[in-house]
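Just so it is clear, the structure is predicted and the values come from calculations on it, not from any experiment. Each chain gets a letter, A, B and so on, in the order its sequence line appears, and its residues count up from 1.
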Amino acid sequence: MQEHPLQVEVKANTKLKVTNLTKTRKSSDFFWAYLMIAPTMLGLFIFYLWPIFQNFYFSFTEWGAFGQYEWTGLDNYKRMLEDTNLIKSFKNTAIYIILTVPFGIFLSILIAVLLNQNIKGKSIYRTLYFLPVITMPAAIAMVWKWLYNSDYGLLNYLLSLFGIKGPQWVSDPKIALYSIIVVAIWSGIGYNMIIFLSGLQGIPKSYYEAAEMDGAGPFRVFFNITLPLLSPVIFFVSITSLIGAFQVFDLIFMMIGKSSTALESTQSVVYLFYQHAFVLNDKGYAAAIAVLLLIVILIITAVQMVLQKKWVHYD
Amino acid sequence: MKKWPLMVLTAILGLMVIAGCSNEDAASGDGDVEITYGFWDKKQVSAIDEVIKAFNEKYPNIKVKKEITPYGQYFQKLETAATGEALPDVMWMNGAHVQQYAEGKVILPLTDLAKKENYSLDNYPESLIDLYTVKGDIYGIPKDFDTTGLWYNKKIFDEAGVPYPDDTWDWNKLKENAEKLTDNKKGIWGYAALMGNQGGYYDFIWQNGGYIISDDEKSVGFDQPEAIEALHYNTSFIKEGLSPTQAQMTETAASELFSSGKVAMMFDGPWMLQEYKDNPDINVAVVPKGKQRAVAIHGLANVIAANTKHKDAAWKFAQFLGSKKAAEIFAKTGTVIPAYNGTQEAWVQAVPSINLQAFIDGADYSVPLPSVKNTGEIWQYETDVLKKVWSEEVSVEDAVKELTNKANGALSKK
């Protein structure tokens, strides 16, 4: 995934080159190329594309126990119109996205720019920021759940030193969603930071030297050189993290108990999907929720694609 | 030149993908078979290991592989595995799901097998055999049973100068003593009003003369006055500050608050024994009575997957799991109350410091945990709706209306 931003940068040039090359390629080269990607393609078809079509089909069915189902047409979609839980879960997901994506991007750019300087021990910092990315989300959730525990958690203990009685971070319905958002931003920073770092290092030094000669201050340099040249990377990161944020599930599943009072105010669309598909054994309706989510993500990504022309610079 | 190693690697990876899909019939020709045993409680692993060892002394050719899935995901996994015909050969089953699995024809009826081999089902309590009998066929061999007891912490009682609970206690006495035991300064609650059905609101509703599911299995009794009163009593502990709040109990399990000396009393099952048995402060008594004394009784059974490839081996293992020998292993390790008649005494003796007889006594006034085809779904609605009562967001009266609607809807499904 990391190569994507670089591809975007050089897209215009490579197109030409590729078309020239194809004419000189031998067919045996193609054979080997296809053989090499065959396992992955096979996996993609079996485990990604086929289930997508199947899911679409199942969204028009109602399920009984053990895989029996019957065709019910648009019933599941009609049911959605009056499902208050679905509306609530979209609202929760929207709040989650609106807060995690911009803040996540802002913080990871900030950290990437700082770590791109010549500071002491920068590889240690880079490692530290990247550590949450290679940690299992379940483990992250467990540790934070402990930090957040209202009676025995570290966070409220620290607050109590100043005589403040901390809130119930993960069981108060008004606060729980924001507690999860903090963890999501924290655990997502490292991944985006690495992408931004690679983007920053792709910016030619000569621009900065020229700016220095012209006497531009650090802020001017950042806003007139760094930010525009980083915009393709920002675009890539915002698309991937938006799609990722739409699919939030594991943090909520791990941090909010099934009998928790905060479940309704935190459950995301995918959590509701899980609830219907695997807990209530209501797989047809769950499939319809998945289709709806797919459509919403498609529309929002398409809008982003259109809007990018206004702010993404490719040269 | 560097192409070759890459090609070989790709080819190997590709082959691994293909091979991964088709190694199901790997049983070798020398008569050895491997069967899988699915269950959810990791506290029972050491006893199960011992049972498997004893089983292999008798049948050295049958290897048993354990598959542990936490209860929260167990039935989701089975449902998926049943659809994909990949169920464990032998597995645990509970009363809530047996009807659904039997009618879905994913587990094997054992009546004929038992008849053929003269396997006697008289060795188990009748209520448990009934629980696993669906339309005249028996589907599971009872493994154990459990009732509810009133666990209490002797140290907290001693410090507050309150006598230990006994069989004279009733609802008023429980409330009264919970008040005496509660100590806000020390952060001690008298009672943990856990939101759970078995060992929780079901017990209270029955004690108050109510019912959960009507005899004709067409409606639930949550909106009946007896049930409403029981739910009021049950949650009053939280309202009056005698119990940790629902939020506190979701963040830290009530059983953890109890074992760390923050809670003086709570209803819970004998399955907590493994966790409590080394704590010298903890003991158990019979539950207090309301209008009458009542607790839920429920037991697990071992069932066999309908599409098992090793039916004989699975049946031999299931028989062994239901044997006196296996029951004795479970009893003497204190793991569970074995269902095999006459072996319960060994279980009571397993941890002499705790009055385990309270659970055996419970069987006398016990009510079987309700079991219909959609029990699992009704349980889900109970959790969804009643937690709002426990967290004091919704009144008991409003909640039971919603719950009754939803649960009756589940009952009317085919």
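- Residue Leu78(B) comes nearest to Pro88(B) through the heavy atom pair CD2-CD, 3.9 Å, listed as atom of the first residue, atom of the second, then distance.
- If you measure heavy-atom distances from Gln68(A) to chain B, you find no contacts under 4.5 Å at all.
- With a 4.5 angstrom heavy-atom cutoff, Asn281(A) touches chain B only via side-chain atoms.
- For the set Gln100(B), Met249(B), Glu393(B), Lys388(B), the count of heavy-atom pairs under 4.5 angstrom toward chain A peaks at Gln100(B).
- Ring orientation note: the planes of Phe58(A) and Trp63(A) are nearly perpendicular, at an angle over 60° on the 30°/60° scale.
- In this structure, Phe60(A) and Phe56(A) have perpendicular ring planes: the angle between them is above 60°, well past the 30° mark.
- Looking at Tyr148(A), the atoms closer than 4.5 Å to chain B (heavy atoms on both sides) all sit in the backbone: N, CA, C or O.
- In this structure, Tyr74(B) and Trp40(B) have perpendicular ring planes: the angle between them is above 60°, well past the 30° mark.
- Residue Asp83(A) comes nearest to Tyr285(A) through the heavy atom pair OD2-OH, 2.6 Å, listed as atom of the first residue, atom of the second, then distance.
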* Go through the steps for Arg79(A) and Asp282(A) under the test salt bridge (Lys or Arg N to Asp or Glu O under 4.0 Å), then give the verdict. => CA-CA 12 Å; Arg79(A) 207 176 126 191; Asp282(A) 191 5; 2.9 Å; yes
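- Heavy atoms closer than 4.5 Å to chain A are found nowhere in Leu87(B), neither backbone nor side chain.
- If you measure heavy-atom distances from Tyr101(B) to chain A, the contacts under 4.5 Å come from both the backbone and the side chain.
- Highest contact tally toward chain A, considering only Thr383(B), Thr80(B), Thr252(B), is held by Thr252(B) [criterion: heavy-atom pairs under 4.5 Å].
- With chain A as the partner, the residue from Gln76(B), Glu251(B), Gln380(B) showing the most heavy-atom pairs under 4.5 Å is Glu251(B).
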